[in-house]
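Below you'll find the structure, written out as structure tokens, and then a few comments.
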Amino acid sequence: MDNLKYYLSALADIALPRCCIVCGRQLGTRESHLCLYCSADFPFTRFWISPRNAMSDRLNLALSRAMEKHQESLAYEKYSYAIALFYYHGEAAYKKIPQGLKYRKQFGEGRYFSRLLAEKAFSCRWFSDVDMLIPVPLHWRRKWKRGYNQAEVIAAEMASMHGCLMQADLLVRGKYTATQTKLSVEEKKTNVDNAFSVCEKTAHRYSPKHIMLVDDVFTTGATMTACHRALRKFYGRNIRISAAALGFVSSD
């Protein structure tokens, strides 16, 4: 049976050649989404080794500064865990992974890397009790224009792997914001400040203990921070809020 599957896959590759999402090289029968060379050089963050890493430290710093700005109490705020699958660099071809999902509807590749992220995240004891995944929401106008929310695709695949809830309608993006891509750090903070709120009708149906916010790429932490603050205001300090993304933009 395995041999039959192999030969059928080989025939399919002849009829419809598959290419590496990163370098464009034609894939072999036993290669999936990445060629052997791009797989070997894959820039894993290895953030799953420790609950404290560059992403979690950046998120917690952004969160503390936002709470100080809004004169919110930092007392008893839990340290927020965070994880990303790979380092995202503007000059590296691996950026095509989240971009393909976000702009070119490459759902197969998006779900494949989402499963890799889920495997890494949920092998960690500090994420083992996550019981709800919430994708960072798009404003309804942007979602209508694009047709889908890429963060929702990632969160749905991760939730399926972990066997927990994925609630795409719990957080609402009520403020139509400019794209974050070309904004400065301070502009990004201002752009998403108070952009998110909790849909109380949905939220009252659940009592999560550990929420994981999910996005495609983590840059400054401004978006995750705004989402975190909205959830914290509604649920109080009895829950833990973590973050996950496919790519992490290094400051180096």
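Taking 4.5 Å as the limit, every side-chain heavy atom of Asn149 sits out of range of all side-chain heavy atoms of Arg142. Residues Val22 and His33 fail the side-chain proximity criterion, which asks for heavy atoms closer than 4.5 Å. In this structure, the side chains of Cys199 and Asp169 stay at 4.5 Å or more apart for every pair of heavy atoms. Under the 4.5 Å side-chain criterion, counting only non-hydrogen atoms from C-beta, Phe44 is in contact with Leu85. Inter-residue side-chain proximity for Ile21 and Leu34 is flagged as met; some heavy-atom pair is nearer than 4.5 Å. Side-chain contact between Leu101 and Val153: present, with at least one pair of heavy atoms (C-beta onward) separated by less than 4.5 Å. Put simply, the side chain of Thr223 reaches to within 4.5 Å of the side chain of Phe196, judged on heavy atoms. Arg146 has its side chain within reach of Lys102: a pair of non-hydrogen atoms, C-beta onward, lies under 4.5 Å apart.
Note that CD of Glu109 and OG of Ser32 are 8.5 Å apart. Values are rounded to the nearest 0.5 Å. Rounding to the nearest 0.5 Å gives a distance of 12.0 Å between CG of Leu138 and NZ of Lys145. Note: Arg232 CZ to Glu77 CD = 4.0 Å, rounded to the nearest 0.5 Å. For the atom pair CD1 of Ile83 and SG of Cys124, the computed distance is 4.5 Å after rounding to the nearest 0.5 Å. Met224 CE to Asn60 CG: the interatomic distance, rounded to the nearest 0.5 Å, is 12.5 Å. To the nearest 0.5 angstrom, Leu171 atom CG is 7.5 Å from Ser197 atom OG.
Between Tyr94 and Phe42, the ring planes are perpendicular. Angles over 60° get that label, and only those under 30° would be called parallel. Using cut-offs of 30° and 60° for the angle between ring planes, the Tyr87 and His89 rings count as parallel.
Using modelled atom types, one side-chain atom of Lys78 and one backbone atom of Arg237 make a donor-acceptor pair closer than 3.5 Å. A donor-acceptor pair is defined here as one N or O able to donate and one able to accept, closer than 3.5 Å; such a pair exists between the side chain of Lys95 and the backbone of Gly90. The closest donor-acceptor contact from the side chain of Arg173 to the backbone of Val136 lies at 3.5 Å or more, if one exists at all.
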Residues 114-122, side-chain donor-acceptor partners within the protein, below 3.5 Å, at least two apart:
from   : atom 1 : to     : atom 2 : distance (Å)
Ser114 : OG     : Gly110 : O      : 2.6
Arg115 : NH1    : Glu157 : OE2    : 3.1

Going by atom type alone, with no hydrogens or angles, which donor-acceptor pairs under 3.5 Å involve a side-chain atom of residues 204-217 and a protein atom two or more places apart or on another chain?
from   : atom 1 : to     : atom 2 : distance (Å)
Tyr206 : OH     : Gln167 : OE1    : 3.2
His210 : ND1    : Asp129 : OD1    : 2.7
His210 : NE2    : Ser242 : OG     : 2.6
Asp216 : OD2    : Gln150 : NE2    : 3.4

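Partners of Phe107 under the ring pair (Phe, Tyr, Trp, His ring centres under 6.0 Å) rule, at least two apart in sequence or in another chain, are Tyr148. Every side-chain contact (heavy atoms from CB on, under 4.5 Å) that Cys35 has, sequence neighbours left out, goes to Cys20, Cys23, Arg25, Leu27, Glu31, Tyr37, Cys38. Applying the side-chain contact (heavy atoms from CB on, under 4.5 Å) rule to Ala245 yields the partners Met55, Phe218; only residues at least two apart in sequence or on another chain are considered.
Pairs passing the salt bridge (charged side-chain N to carboxylate O under 4.0 Å, His left out) check and including a residue from residues 43-55, sequence neighbours excluded, read Arg52-Asp57.
The only option from Tyr88, Phe86, Phe47 that meets the ring-ring contact (aromatic ring centres under 6.0 Å, His included) definition with Phe248 turns out to be Phe47.
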